[in-house]
Amino acid sequence: GRLVCARRVGAGRERTILARDVGEDEMAKRRSWIVLGLTGALGAGCANPVAVSSEPRELALIDARADLALGQLDLSHRGINIVAAGDLAFPTAAVVDRAADPDRLYVADFVNNRVLGFSNVEAFVNGQPADLVLGQPDFLTAELVEPSPESLAGPTDLVLDVQGNLYVADSDNDRVLFFRDPFGTDTVADAVLGQPDLFSNACGASTSALCRPVSVDVDDTDLVVVDGQNHRVLRFALPIGAGQEAVQVLGQADFVSGSCNRGLPPALNALCFPASVAIDGASLWVADFSNRRVLGYLSFKARGNGPAADRQLGPVQPTMLGLRGPDLLVADVDRLLVYNRPATTDLVPDAVYGQPDFVTRGRNRGMGWFQVAADSLSMLWTVSKVPGGKVTVDGASQIWLADTANNRVLRLPGTSSGIGPAADRVLGQADLTKGALNRAAAQTLAGPSAVALDRSTNPSRVYVADTFNHRV
């Protein structure tokens, strides 16, 4: 969205253009240009050149720095639309901290490379701004930077232990970060898993390495990590630390293998792009995304490496899992399914959210990308990247769900059978009928692709093709 005003001269004619921001080295390679700073309004800056030449010549670089920006609050920030404390861009997980009073909520804001914290779920209103941010220096920044204790790159999932400590699947940094009670201490990670230190991000397959971890869950003694690109699930003993080795692997025969379905046809002891995990007492549930199923491992900790699953739910394309007591919640692309006690009863879903019945499918009830409603869902935003995330339940048995492709988090009233009720609260959007990345507004841009200057008026006008917001 940043623009530079330039005048091309030569051959007895002149014309003013608006060019995309480029560095001085690139501009210096071009002939017959004079670059003009945008002082004041865009029209005035282009209409009153600082210098004019009637002959073609090498670039006379007067000012290669932009003076104003369209689509952002200032020249130092960038992002899809204007990133703020109440905005979301492809959120992938929401978890409720029930150890706090009142309950807190954390959201993995994937595209904005951050985790947002909300201090009071009970006082929540539509479009509520966050109270805390992890992974970025402030609420207006969404930068992708080198790994450090204070940075995140595409976080996909979160989980809290009973002390209110937060574990984050920092997927694009190939690591899991541990934050000790972020609301009570600070926003700097205290420990790392999958890397030798807090400044590394190498992808690997071993007892201590990870490659695109996409989901995490925890109980009193262990942390379980979905190691997506290695097609496996690892179990680590608590507490975690740099270089720590896993004590168990599921989906592979050993700790150094990492092939989809072990290089064979799908079987109950194999995984292919697992997406999410949920620990239910002694049992473990895994969203086996590419195999279109959910696998259940009963008494999994006592079974060694590479055990076969005991339960299989599907066909579904599971992106996120969650638990409500003994019930399993399965996010299935454009609907949320509830299985009552699947470890001991049948494997048929008992309730559905986001669709009018158990048969109908399609984004937002078949209305596509842009027809967002309180009772619609669209949770899979791309099939080229391993999904991940978690569904969570608060103390009032209300479900919190990251409606990923609609760029929002929903609160759904609980139900155990039939058609689930519509959402009654939303985060990331002003209301339940909107779904733009980082809340599109009159002053925001998302992927601008073209600009045109209307010089027939005084002052001149500018038109911008705002591609991802589907408008000019």
Side-chain angles (χ1 to χ4, degrees), residues 92-93 156-157 169 171 205 210-217 224-235 246 248-280 283-298 300 303-323 328-339 342-343 346-349 352 358-359 361-363 377-391 404-405:
T92 53
T156 53
D157 198 14
S171 184
L210 298 170
C211 190
R212 299 299 185 269
V214 293
S215 186
V216 287
D217 206 358
V224 176
V225 179
V226 174
D227 192 16
Q229 294 284 16
N230 284 325
H231 311 285
R232 64 183 185 175
V233 174
L234 297 177
R235 178 168 65 91
Q248 186 182 16
V249 60
L250 288 78
Q252 302 292 341
D254 53 54
F255 289 104
V256 296
S257 301
S259 299
C260 168
N261 290 323
R262 304 191 185 193
L264 300 169
L268 289 176
N269 64 353
L271 297 167
C272 189
F273 290 112
S276 185
V277 65
I279 299 176
D280 177 16
S283 302
L284 183 76
W285 298 95
V286 178
D288 191 12
F289 179 77
S290 289
N291 286 327
R292 303 181 66 87
R293 62 187 182 180
V294 175
L295 296 180
Y297 302 82
L298 308 183
F300 74 104
R303 300 181 57 191
N305 291 330
D310 305 285
R311 310 286 276 174
Q312 179 174 268
L313 285 66
V316 292
Q317 194 160 18
T319 59
M320 292 175 275
L321 300 180
L323 293 167
L328 182 66
L329 309 175
V330 180
D332 182 22
V333 180
D334 48 34
R335 62 182 183 171
L336 177 68
L337 299 174
V338 180
Y339 293 82
D346 60 61
L347 303 179
V348 179
V352 61
F358 288 92
V359 179
R361 302 303 304 269
R363 292 184 187 274
L377 294 172
S378 181
M379 290 169 289
L380 182 63
W381 56 277
T382 176
V383 295
S384 63
K385 182 177 176 63
V386 181
K390 184 173 278 78
V391 188
T404 305

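Since the model is a prediction, treat every value here as computed from it, not as a measurement. These values consider heavy atoms only, across backbone and side chains, with no hydrogens, waters or symmetry-generated copies.
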Original post:
Looking only at heavy atoms, which two atoms of Met379 and Thr404 are closest? And how far apart?
Top reply: O-CB, 3.3 Å
Subject >> Beyond-backbone contact of Leu250 with Pro307, side-chain heavy atoms, under 4.5 angstrom >> reply: yes
**OP:** Report the C-alpha separation of Asp217 and Leu284 in whole Å, then their side-chain angles, then the decisive distance to 0.1 Å, and conclude whether the side chain to side chain contact (heavy atoms under 4.5 Å, CB included) test is met.
**Re:** CA-CA 10 Å; Asp217 206 358; Leu284 183 76; 6.0 Å; no
Original post:
Under the side chain to side chain donor-acceptor pair (under 3.5 Å) test, which residues partner Arg361, sequence neighbours left out?
Top reply: Asp332, Asp334
Subject >> Minimum-distance pair of heavy atoms, taken over all atoms of Pro274 and Val226 >> reply: O-CG1, 3.3 Å
Original post:
Would you call Leu313 and Leu328 a side-chain contact if the rule is heavy atoms closer than 4.5 Å?
Top reply: yes
Subject >> Listed partners of Cys211 passing side-chain contact (heavy atoms from CB on, under 4.5 Å), at least two apart >> reply: Asp174, Cys203, Asp227, Gln229, Asn230
Original post:
For the residue pair Phe273 and Ser290, what are the closest heavy atoms and their distance?
Top reply: CD1-OG, 3.3 Å
Original post:
Short question: side chain of Ser276, backbone of Ala287 - any donor-acceptor pair under 3.5 Å?
Top reply: no
Original post:
Looking at Leu347 and Pro342, what are the two nearest heavy atoms and their distance?
Top reply: CD2-O, 3.6 Å
Original post:
Atom CG in Asp280, atom CG in Leu323: separation rounded to 0.5 Å?
Top reply: 5.0 Å
Subject >> Residues forming a side-chain contact (heavy atoms from CB on, under 4.5 Å) with Ala253, sequence neighbours excluded >> reply: Arg262
Original post:
Between atom SG of Cys272 and atom CZ of Phe289, what is the distance when rounded to the nearest 0.5 Å?
Top reply: 10.0 Å
**OP:** Indicate the atoms forming the closest heavy-atom contact of Asn261 with Pro266, along with that distance.
**Re:** ND2-CG, 3.7 Å
Subject >> Non-neighbouring partners of Arg293 that pass side chain to side chain donor-acceptor pair (under 3.5 Å), sequence neighbours left out >> reply: Asp288, Gln312
Subject >> Flag side-chain contact, heavy atom, 4.5 Å: Asn291 against Leu271 >> reply: no
Original post:
What distance separates Leu377 CG from Arg335 CZ, expressed to the nearest 0.5 Å?
Top reply: 11.0 Å
Original post:
Which pairs count as side chain to side chain donor-acceptor pair (under 3.5 Å) when at least one residue sits in residues 249-259, sequence neighbours excluded?
Top reply: Asp254-Ser257
Original post:
Does any N or O in the side chain of Ser378 come within less than 3.5 Å of the main-chain N or O of Ala405, such that one atom is a donor and the other an acceptor?
Top reply: no
Original post:
At their closest point, which heavy atom of Gly389 faces which heavy atom of Ser215, and how far apart are they?
Top reply: O-OG, 3.8 Å
Subject >> Approximate separation, where rounding is to 0.5 Å, of Tyr339 OH and Leu321 CG >> reply: 10.0 Å
Subject >> Counterpart residues, side-chain contact (heavy atoms from CB on, under 4.5 Å), relative to Ala169 (two or more places apart) >> reply: Thr156, Asp157, Val216
Original post:
Are any non-hydrogen side-chain atoms of Asn305 and Phe255 less than 4.5 angstrom apart?
Top reply: yes
Original post:
Who pairs with Arg235 by salt bridge (charged side-chain N to carboxylate O under 4.0 Å, His left out), at least two apart in sequence or on another chain?
Top reply: Asp222
